[in-house]
Amino acid sequence: MKLGIDKVKKYGLESLVILFSIILSFYIEGQRDLAEKNSDKNKLITDLINTIDEDQKQLDYIKSEMNKTVKLINEIQSDINSQNNNLSQVDIINKISEIKVSYSFFPQEGIFNQLIATGSFELIENKDLKLLLLKIYNH
């Protein structure tokens, strides 16, 4: 009878070791996946910062061009309103030819969409950053 109890203890111990090994391997794999996702998140956020900088440069350019256009239109309108006709027809035509009114801006959303698609967005710990990103790209 003692032989049966020893075998049960032995098999029970082996089963526990195997079970512990399986659980440990799942835990290690989970930690590896989390570290990989964090690494991907950091790369995507760096890329997102660069993309936002490029978008900001484009917006600054559009803003400066629009300011120039407004200035030219105001000069022409001022001349019309003053009825002094300080500007010659050639000056007016030159100013009108410098006016640019068709601008378009489409933010680069690819990196943000990738951040969402990979699940890396959820790993961002700063809630203010998350809200700001959602505000920028969803509104």
Side-chain angles (χ1 to χ4, degrees):
M1 188 109 168
K2 188 170 184 176
L3 186 62
I5 292 177
D6 287 341
K7 282 187 177 184
V8 169
K9 286 181 181 180
K10 179 181 172 185
Y11 290 138
L13 182 61
E14 288 177 2
S15 298
L16 284 175
V17 169
I18 291 171
L19 182 63
F20 176 73
S21 299
I22 292 171
I23 292 172
L24 183 62
S25 68
F26 283 133
Y27 174 77
I28 291 171
E29 180 65 20
Q31 290 300 315
R32 188 193 63 76
D33 284 346
L34 184 61
E36 188 176 311
K37 279 187 179 182
N38 274 324
S39 175
D40 289 345
K41 174 200 69 161
N42 292 338
K43 289 176 189 173
L44 288 172
I45 287 180
T46 300
D47 291 343
L48 188 62
I49 289 169
N50 293 335
T51 301
I52 289 172
D53 287 343
E54 289 175 19
D55 285 349
Q56 184 65 46
K57 287 176 188 174
Q58 186 179 4
L59 286 171
D60 289 342
Y61 171 76
I62 291 172
K63 182 180 175 182
S64 71
E65 289 298 311
M66 293 302 284
N67 286 337
K68 289 177 192 175
T69 299
V70 168
K71 181 181 175 193
L72 291 169
I73 291 171
N74 285 339
E75 288 174 10
I76 295 170
Q77 186 66 45
S78 177
D79 187 61
I80 292 171
N81 289 342
S82 70
Q83 295 181 352
N84 288 338
N85 296 328
N86 293 333
L87 297 175
S88 68
Q89 286 184 350
V90 173
D91 291 336
I92 292 173
I93 290 172
N94 287 337
K95 287 183 185 295
I96 289 175
S97 68
E98 291 178 37
I99 293 175
K100 299 174 186 173
V101 291
S102 62
Y103 293 100
S104 60
F105 171 74
F106 298 99
Q108 301 175 43
E109 298 177 345
I111 301 294
F112 177 75
N113 291 338
Q114 189 176 359
L115 196 65
I116 297 291
T118 60
S120 298
F121 186 78
E122 299 303 322
L123 298 175
I124 298 174
E125 296 173 1
N126 188 326
K127 290 184 181 184
D128 292 336
L129 176 60
K130 287 171 102 172
L131 291 174
L132 185 60
L133 289 173
L134 288 171
K135 183 178 178 182
I136 289 171
Y137 288 101
N138 289 333
H139 299 294

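Count residues from 1 along the sequence.
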For D60, run the side chain to side chain donor-acceptor pair (under 3.5 Å) check against K57, Q56, Q58 and tell me which one passes. Q56
Presence of salt bridge, K68 and E65, under 4.0 angstrom: yes
Mind checking whether [X] and [Y] have side chains closer than 4.5 Å, heavy atoms only?
X    : Y    : result
D91  : D79  : no
E125 : K130 : no
I111 : N50  : no
N67  : K71  : no
T118 : D40  : no
K9   : L13  : no

[atom1]-[atom2] distance between [X] and [Y], expressed to the nearest 0.5 angstrom:
X    : Y    : atom1 : atom2 : result
S78  : I73  : OG    : CD1   : 13.5 Å
L34  : K41  : CG    : NZ    : 9.0 Å
E14  : K7   : CD    : NZ    : 11.5 Å
I124 : I45  : CD1   : CD1   : 4.0 Å
L48  : E109 : CG    : CD    : 11.0 Å
T69  : N74  : OG1   : CG    : 10.5 Å

When you group the ILVMFWY residues by side-chain heavy-atom contacts below 4.5 Å and let the links chain together, are [Y] and [X] in the same group?
X    : Y    : value
V70  : I76  : no
L134 : I136 : yes
L133 : L59  : no
I80  : I93  : no

What pair of heavy atoms forms the shortest contact from [X] to [Y], and how long is it?
X    : Y    : result
K37  : L123 : CB-CD1, 3.4 Å
T51  : Q108 : CG2-CB, 3.3 Å
S120 : L44  : OG-CD1, 4.2 Å

Listed by chain and number, what are the salt bridge (charged side-chain N to carboxylate O under 4.0 Å, His left out) partners of K95, not counting sequence neighbours? E75
Against F20, only a single residue in I18, I22, L16, L24 fulfils side chain to side chain contact (heavy atoms under 4.5 Å, CB included); can you say which? L24
Once the angle between the rings of F121 and F112 is folded into 0 to 90°, is it parallel (under 30°), tilted (30 to 60°) or perpendicular (over 60°)? perpendicular
Residues clustered with Y11, ILVMFWY side-chain links under 4.5 angstrom: none
